[in-house]
Amino acid sequence: MAYEAASGRYQDMQYRRSGRSGLKLPAISLGLWHNFGHARPYETQQAIVRRAFDLGVTHFDLANNYGPPPGSAETNFGRILAEDLRPYRDELIISTKAGYDMWDGPYGEWGSRKYLTASLDQSLRRMGLEYVDIFYSHRPDPDTPLEETMGALDRAVRAGKALYVGISNYTPEQTAEAASILRSLGTPLLIHQPRYSMFDRWIEESLLDVLAAEGAGCIPFSPLAQGLLTDRYLSGIPADSRVRTSRFLNESDLSDGRLSVIRALDEVARGRGQSLAQLALAWALRDPRVTSLIIGASSVAQLEQNLGALSAPALSSDELARIDAVLAAV
């Protein structure tokens with residue numbers, strides 16, 4: 001049966017403007033990092049994307065190396081686009097990135113014009129698109145002049161292969177310099193994608209101030225700290241959890257002190273009638289300079305639960321103070 005998007009898909013989602021641009025993004029966006037490679041059933045991926053769009057999630061975030069294997073998330077998303085979402089292309093924000101290792105030889109990673117241009121062309125072919133809405137430099141290149149990397153982003157826009165450009169994993173100083181270069185080229189920096197969560201608050205020191213001054217948005221990834229800020233570990237470490245199976249977490253991330261903090265935060269969440277994940281997402285959205293949050297989802301149920309973070313009342317000053325007191329023990 002052909003997919004038809006829900007008629008009320010824009011009723012409940014919140015949309016936030018990205019900096020001083022004309023673009024609004026959903027408060028929660030769907031990232032296709034872990035769960036959209038060839039190792040996962042296509043039907044599950046399709047169901048998640050369909051449900052996300054039905055609930056007002058218009059932004060789907062990818063990168064050239066998402067999978068596994070690298071490139072497979074874009075391939076699978078391209079199939080979903082072709083089968084389900086092609087009639088709604090003008091309602092979608094599709095982003096991709098380039099910066100990490102993708103192919104052999106000296107031109108398969110980092111930030112040269114050669115690599116970024118070739119990677120974007122490959123991404124467009126995998127997804128069956130003429131353009132992406134946002135193209136990111138996924139990480140700064142220590143050996144390539146920033147003018148070259150930003151020039152490649154500007155070139156992608158002028159070639160009609162991207163509408164906006166962004167950066168990810170850049171320091172505040174690198175961000176300010178990148179924004180200045182892009183402004184001089186006539187292609188403003190739209191957005192920055194940093195890591196951010198209750199357990200990793202580095203962007204609060206100065207990056208958010210830099211982005212506000214530059215008129216750029218902020219769209220953090222890992223707002224649930226790779227699953228630590230969920231109910232996954234409240235009763236121990238499951239054998240199939242990321243702490244056991246992923247290189248991005250290990251048992252040192254779950255010390256007795258950290259577990260005590262997670263349980264204390266869960267008490268705050270339950271006091272609000274929320275799950276811990278919903279509390280963590282609401283907390284990360286408390287600052288209006290945060291445009292959107294990128295979440296992953298391994299099932300429709302998980303997606304729906306996390307989007308429920310948007311339906312609760314805003315955190316009160318007392319609740320924020322209590323959270324800060326809990327986090328001070330980390």
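Small disclaimer: the values here were computed from a predicted structure and weren't measured.
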(request) Check the surroundings of atom CZ in Arg155: do more than 12 heavy atoms from other residues, nucleotides or ligands lie under 6.0 Å from it? (result) no

(request) State, to 0.1 Å, how close Met102 and Pro70 come at their nearest heavy-atom pair, and which atoms those are. (result) SD-CB, 3.7 Å

(request) With rounding to the nearest 0.5 Å, note down the distance linking CE in Met198 to CG in Leu224. (result) 9.5 Å

(message) Give me the atom names and distance for the closest heavy-atom approach of Val132 to Phe135.
(response) CG2-CB, 4.1 Å

(request) State whether the side chain of Gln278 and the backbone N or O of Ser275 hold a donor-acceptor pair below 3.5 Å, judged by distance alone. (result) yes

(message) Are more than 12 heavy atoms, taken from residues, nucleotides or ligands other than Tyr107, located less than 6.0 Å from that residue's OH atom?
(response) no

(request) For residues Pro223 and Ile295, report the shortest heavy-atom separation together with the two atoms involved. (result) CG-CG2, 4.2 Å

(request) Please answer whether the main-chain N or O of Tyr170 pairs with a side-chain N or O of His192 as donor and acceptor at a distance below 3.5 Å. (result) yes

(message) Side chains of Thr175 and Glu214 only: does a donor on one sit below 3.5 Å from an acceptor on the other?
(response) no

(message) Between Asp154 and Gly186 (side chain of the first, backbone of the second, donor and acceptor by atom type, cut-off under 3.5 Å), is there such a pair?
(response) no

(request) Answer whether the closest heavy-atom distance between the side chains of Ser119 and Tyr100 falls below 4.5 Å. (result) no

(request) Return yes if some donor-acceptor pair links the side-chain N/O of Arg139 with the main-chain N/O of Gly99 below 3.5 Å, else return no. (result) yes

(message) If you count every heavy atom of other residues, nucleotides or ligands that lies below 6.0 Å from Glu4 atom CD, does the total exceed 12?
(response) no

(message) Distance check, rounded to the nearest 0.5 Å: Leu320 atom CG versus Trp283 atom CH2?
(response) 9.0 Å

(message) If only side-chain N and O atoms count, and only distance matters, is there a donor-acceptor pair under 3.5 Å linking Gln46 with Tyr3?
(response) no

(message) Determine whether a donor-acceptor pair (N or O, by modelled atom type, separation under 3.5 Å) exists between the side chain of Arg263 and the backbone of Ser260.
(response) no

(request) To the nearest 0.5 Å, tell me how far Tyr196 OH sits from Leu208 CG. (result) 6.5 Å

(request) Over all heavy atoms of both residues, which pair between Ser95 and Asp61 is shortest? Give the atoms and the distance, please. (result) OG-OD1, 2.7 Å

(request) Grab the two heavy atoms, one from Glu130 and one from Leu124, that are nearest each other, plus how far apart they are. (result) O-CD1, 3.8 Å

(request) Take Phe36 and Leu30 through the side chain to side chain contact (heavy atoms under 4.5 Å, CB included) test and state the conclusion after the steps. (result) CA-CA 11 Å; Phe36 290 82; Leu30 183 63; 4.2 Å; yes

(request) Could you tell me whether the side chain of Ser292 and the main chain of Pro26 form a donor-acceptor pair under 3.5 Å? (result) yes

(request) Return yes if a side-chain donor-acceptor contact under 3.5 Å exists between Asn35 and Arg40, otherwise no. (result) yes

(message) Looking at every non-hydrogen atom in both residues, tell me the closest pair between Thr144 and Gly111 and how far apart they are.
(response) CG2-O, 3.7 Å

(request) Establish, for the pair Arg258 and Tyr233, whether the NZ or CZ atom is under 6.0 angstrom from the six-membered ring centre and no further than 45 degrees off its axis. (result) no

(request) Please say whether the positively charged group of Arg89, taken as NZ for Lys or CZ for Arg, lies over the ring of Tyr131, i.e. under 6.0 angstrom from the six-membered ring centre and within 45 degrees of the axis. (result) yes

(request) Taking atom types as modelled, find out whether Thr171 and Gln174 have a side-chain donor-acceptor pair closer than 3.5 angstrom. (result) yes

(message) Looking at Leu163, is its backbone amide N or carbonyl O close enough to the side chain of Asp133 to form a donor-acceptor pair, meaning the two atoms are under 3.5 Å apart?
(response) no

(request) Could you grab the distance from atom NE2 of His59 to atom CD1 of Ile219, nearest 0.5 Å is fine? (result) 5.0 Å

(message) What I want to check is whether the side chains of Tyr115 and Asn64 have a donor and an acceptor closer together than 3.5 Å.
(response) yes

(message) Is the shortest side-chain heavy-atom distance between Leu276 and Thr230 below 4.5 Å?
(response) no

(request) Output yes when a side-chain donor or acceptor of Trp33 lies under 3.5 Å from a complementary backbone atom of Ala63, and no otherwise. (result) no

(message) Tell me whether Arg270 is salt-bridged to Asp266, with the criterion being a basic N under 4.0 Å from an acidic carboxylate O.
(response) yes

(request) May I have the step-by-step check of side chain to side chain contact (heavy atoms under 4.5 Å, CB included) for Lys97 and Tyr66, ending in yes or no? (result) CA-CA 10 Å; Lys97 314 176 198 71; Tyr66 287 179; 3.1 Å; yes

(message) Do the side chains of Asp54 and Arg50 get close enough for a salt bridge, i.e. N-O under 4.0 angstrom?
(response) no

(request) List the steps, then state whether side chain to side chain contact (heavy atoms under 4.5 Å, CB included) holds for Trp110 with Asp143. (result) CA-CA 9 Å; Trp110 292 110; Asp143 298 318; over 6 Å; no

(request) Look only at the side chain of Arg272 and the backbone of Pro313, and say whether a donor-acceptor pair between them is shorter than 3.5 Å. (result) yes

(message) Within the supplied structure, the quantity of interest is the number of heavy atoms (other residues, nucleotides, ligands) at a distance under 6.0 Å from Asp256 CG; does it exceed 12?
(response) no

(message) Could you check whether Thr149 and Ser137, counting side-chain N and O atoms only, form a donor-acceptor pair closer than 3.5 Å?
(response) no

(message) Using a 3.5 Å distance criterion without hydrogens, assess whether the side chain of Ser18 forms a donor-acceptor pair with backbone atoms of Leu23.
(response) no

(request) Mind running side chain to side chain contact (heavy atoms under 4.5 Å, CB included) on Asp209 and Arg289 for me, showing each step along the way? (result) CA-CA 9 Å; Asp209 290 337; Arg289 295 172 295 181; 2.6 Å; yes

